[in-house]
Amino acid sequence: MNWEKAKTVLIVALLITDLFLAGVLYADRMRVAPAENAAAFHRETKELLKDAGIALEAEIPKDGSSLPILDVAYETDTTDNLNRRFFRGKGRVAEDDDKRPVLRTALGQLKVLDERRLIYEADAASNVFLNEKDAEKKALDFLAERGFPTDDIALFYSEAAGNRRKLMFTKTYKNNYVESAYTEIDLVGDKVVRMDRLWIDVIDETAEREPLPMATQSLLRLLSHDSLRGRTIKKIDPCYYFNPEEQGTVENLSHGTRGYATVAWRMELDGGEELVLLH
């Protein structure tokens, strides 16, 4: 299992070939099939995916749903506050080779990347063996003790090797995932030895709503992606997606921290990878 792949959110853009393929298939099926959100068209979409080597275990959502647009921002904090939260103010402030701030103690360190991504590493050892449930509790306790809310977080993937375990959490808002936010926790026994966190806070829920893409058309666009051959789609859920570098909104910065979350379909593949399909 390639964990680096498992925590990557893949974005499938509307390429010309995708649009052409989906349009041709749609026009051909509309001559002999009912509306796209009908059960018959869903079955045909599943068969087309199967012919392309893509298995679909999830139910295809019905069309017509919409979600409110969210005003969101990446979670940030000052170096002094992070020092207090992680090391009780006893960390030594330094810089890495790329001039990024690092807090160091004798037993661990915390790197701050792009003013928003936190990478914590600690020297610890433990011979304890935790099951997934106990490991999740240990991870959530670790976050809560350092001032991170745990009511907006959902475990979506866990991997164990001996007494080592990796847990991947995703941000949620009203039961919908918010991408591309993640918190990865690595444990040795009952000790947290690494945390990699890039999180998103919801500032406000706007009055505007945005319709979700048509699920069948989103799935048909996958037919032109040979890298998905032999894969299985396990889940399909609505989600929010935020990438300020793509938007250029609110903050016209190369490393903006605030913007508006768009709506999309989040698909979970076998192996834990996430696939986000945008308009």
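When reading the values below, keep in mind they use all heavy atoms of this one structure, side chains included, and skip hydrogens, waters and symmetry mates.
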Side-chain touch [X]/[Y], heavy atoms, less than 4.5 angstrom:
{"X": "Leu155", "Y": "Thr170", "answer": "no"}
{"X": "Asn163", "Y": "Val128", "answer": "no"}
{"X": "Phe148", "Y": "Glu75", "answer": "yes"}
{"X": "Glu159", "Y": "Met168", "answer": "no"}
{"X": "Asp237", "Y": "Trp265", "answer": "no"}
{"X": "Glu273", "Y": "Tyr157", "answer": "no"}
{"X": "Leu167", "Y": "Phe169", "answer": "yes"}
{"X": "Leu198", "Y": "Arg116", "answer": "yes"}

Qualifying salt bridge (Lys or Arg N to Asp or Glu O under 4.0 Å) pairs, either residue in residues 143-152, two or more places apart: Asp152-Lys171
Residues in salt bridge (charged side-chain N to carboxylate O under 4.0 Å, His left out) contact with Asp134, at least two apart in sequence or another chain: none
Salt bridge (charged side-chain N to carboxylate O under 4.0 Å, His left out) partners of Asp77, counting only residues at least two apart: Arg85
Minimal non-hydrogen separation, [X] against [Y], with atom names:
{"X": "Leu187", "Y": "Ala135", "value": "CD1-O, 4.2 Å"}
{"X": "Thr79", "Y": "Leu103", "value": "CG2-CD2, 3.7 Å"}
{"X": "Tyr260", "Y": "Val72", "value": "C-CG2, 4.5 Å"}
{"X": "Pro211", "Y": "Val263", "value": "O-CG2, 3.4 Å"}
{"X": "Leu228", "Y": "Ile54", "value": "O-CG1, 3.6 Å"}
{"X": "Ala215", "Y": "Pro61", "value": "CB-O, 3.6 Å"}

Would [X] and [Y] pass as an ion pair if we require N to O under 4.0 Å?
{"X": "Lys46", "Y": "Glu44", "result": "no"}
{"X": "Lys111", "Y": "Glu121", "result": "no"}
{"X": "Lys234", "Y": "Glu57", "result": "yes"}

Using side-chain contact (heavy atoms from CB on, under 4.5 Å) as the criterion, list what pairs up with [X], not counting sequence neighbours.
{"X": "Thr150", "value": "Leu140, Leu143, Ala144, Ile153"}
{"X": "Ala160", "value": "Arg165"}
{"X": "Glu115", "value": "none"}
{"X": "Ala73", "value": "Ile203, Arg258"}

Greater than 12 external heavy atoms within 6.0 Å of Asn175's CG: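 12 or below, so no.
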Heavy atoms from other residues, nucleotides or ligands near CZ of Arg164 exceed 12 (cutoff 6.0 Å): no
What residues, two or more places apart in sequence or in another chain, satisfy side chain to side chain donor-acceptor pair (under 3.5 Å) together with [X]?
{"X": "Lys50", "result": "none"}
{"X": "Glu136", "result": "none"}
{"X": "Asp80", "result": "none"}
{"X": "Thr183", "result": "Arg197"}

Criterion side-chain contact (heavy atoms from CB on, under 4.5 Å) on Asp204 and Leu70, from CA distance to verdict: CA-CA 6 Å; Asp204 195 15; Leu70 302 180; over 6 Å; no
Tyr182 side chain to Asp196 side chain, donor-acceptor N/O pair below 3.5 angstrom: yes
Donor-acceptor pair between Glu205 and Tyr173 side chains, under 3.5 angstrom: yes
All ring-ring contact (aromatic ring centres under 6.0 Å, His included) counterparts of Tyr120, not counting sequence neighbours: Phe86, Phe142
Value rounded to 0.5 Å, distance of CD1 in Ile60 from OG1 in Thr45: 5.0 Å
Stepwise side-chain contact (heavy atoms from CB on, under 4.5 Å) check, Arg209 with Ile69: CA-CA 5 Å; Arg209 298 185 69 89; Ile69 296 175; over 6 Å; no
